[in-house]
Amino acid sequence: MRTRDGASLQERIVALIHERGLAPGAPMPTEVQLTDLLGASRNSVREAVRALKALGIVEIRHGHGTFVGHASLDVLTPSLAFRVRSGPGGGIRALHDLVEVRELLETELIGQVAQSTSVARLAALDALVNGMDRDREADRAFHALLYKSCGNELVLQLIGLFWDVYHQVEPTLGPPEERTAEIVVNHRRIVAALRARDTRAAREAMRLHFRDVKARIARAEARSVPAPT
């Protein structure tokens, strides 16, 4: 439903949140209040609120009411994973593009990290590398911890989003490859560069890490090309 100025009911509710300066976690006007404020039917308001809930913009707590959400990027994981998997060749090329975007982001950020990583954080990164042969989540935690010192919450959410989507779509690349030893070596190289506060070496280590990932995608892409008849 759109109003005369072209704004949808969802957009008007979002505008109301901003106009009132409602922070994440703050209670929203009730359904009845929204109906009066927006001049819309209760069914229309209810549908708009449900749509905003799916986006993480509002949060419905049963028995307590509706609150402003935190709009985490986690809600984008299913749609981005679908987009990647729906691409040509079962999404292998789109997966390469996803990894390339993540590489551009992380290669730039690692230069900042090389100048700001504390001794305690280096020790924590070492511990995560040591656990990578037993726990795949250690890889995700490593990259999250790596950029925590940047103080950029959006960066952390984006990297988490890309990591989750990659691992959801990874089965399209074929049977898993035994690469634990390579993964550990790559991550140790990154930590060593950070410990030396060597920006250039840190960026090169990150490029090598992603080079291995893209090489696996390239092998899968080559296998997916039909043989000439």
Query raised in the report: Is there a path from Leu154 to Leu146 through hydrophobic residues (I, L, V, M, F, W, Y) whose side chains come within less than 4.5 Å of each other?
Result: yes
Requested in this report: Please check if Trp163 and Ile217 belong to a single hydrophobic cluster, counting links between Ile, Leu, Val, Met, Phe, Trp and Tyr side chain heavy atoms closer than 4.5 Å.
Outcome: no
Check ring-ring contact (aromatic ring centres under 6.0 Å, His included) between [X] and all other residues, then give those that pass, not counting sequence neighbours.
X	value
His70	none
Tyr166	none
His143	His187, His209

Which atom pair, heavy atoms only, marks the closest approach of [X] to [Y]?
X	Y	answer
Tyr147	Val155	CB-CG1, 4.4 Å
Phe67	Met28	C-CG, 3.7 Å
Leu73	Gln157	N-OE1, 2.9 Å
Arg134	Asn130	NH1-O, 3.3 Å
Gln168	Ala81	OE1-CB, 3.6 Å
Val45	Ala40	CG2-CB, 4.1 Å

Report, one line per pair, each donor and acceptor closer than 3.5 Å where one atom sits in a side chain of residues 113-128; sequence neighbours left out.
unit_1, atom_1, unit_2, atom_2, d
Gln115, NE2, Arg197, O, 3.4
Gln115, NE2, Thr199, OG1, 2.8
Ser116, OG, Gln112, O, 3.2
Ser116, OG, Ser149, OG, 3.4
Thr117, OG1, Val113, O, 2.7
Ser118, OG, Arg121, N, 3.1
Asp126, OD2, Arg195, NH2, 2.6

Query raised in the report: Checking side-chain contact (heavy atoms from CB on, under 4.5 Å) for the pair Arg188/Asn186: CA distance, chi angles, key distance, verdict?
Result: CA-CA 5 Å; Arg188 288 200 194 285; Asn186 285 341; over 6 Å; no
**Report entry** Worked verdict on Val68 versus Val58 for side-chain contact (heavy atoms from CB on, under 4.5 Å)
**Finding:** CA-CA 4 Å; Val68 179; Val58 302; 6.0 Å; no
Query raised in the report: Can you list every salt bridge (Lys or Arg N to Asp or Glu O under 4.0 Å) pair that touches residues 151-169, not counting sequence neighbours?
Result: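 Of all non-adjacent pairs touching residues 151-169, those that pass salt bridge (Lys or Arg N to Asp or Glu O under 4.0 Å) are Arg140-Asp164.
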Report summary line: For residues 16-35, the salt bridge (Lys or Arg N to Asp or Glu O under 4.0 Å) pairs (sequence neighbours left out) are Glu31-Arg42, Glu31-Arg46
In plain terms, say whether [X] and [Y] are close enough for a salt bridge, that is, a side-chain N and a carboxylate O under 4.0 Å apart.
X	Y	answer
Glu100	Arg102	no
Arg207	Glu204	yes
Lys214	Glu103	yes

Report task. Test side-chain contact (heavy atoms from CB on, under 4.5 Å) on Ile190 and Phe142 and set out the steps. Result -> CA-CA 11 Å; Ile190 292 169; Phe142 178 94; 4.2 Å; yes
Report task. Please assess Glu221 against Arg219 for the test salt bridge (charged side-chain N to carboxylate O under 4.0 Å, His left out), listing each intermediate value before the final yes or no. Result -> CA-CA 5 Å; Glu221 192 171 20; Arg219 290 193 292 272; over 6 Å; no
Query raised in the report: Can you list the steps and then say if Val169 with Leu98 is a side-chain contact (heavy atoms from CB on, under 4.5 Å)?
Result: CA-CA 11 Å; Val169 183; Leu98 178 79; over 6 Å; no
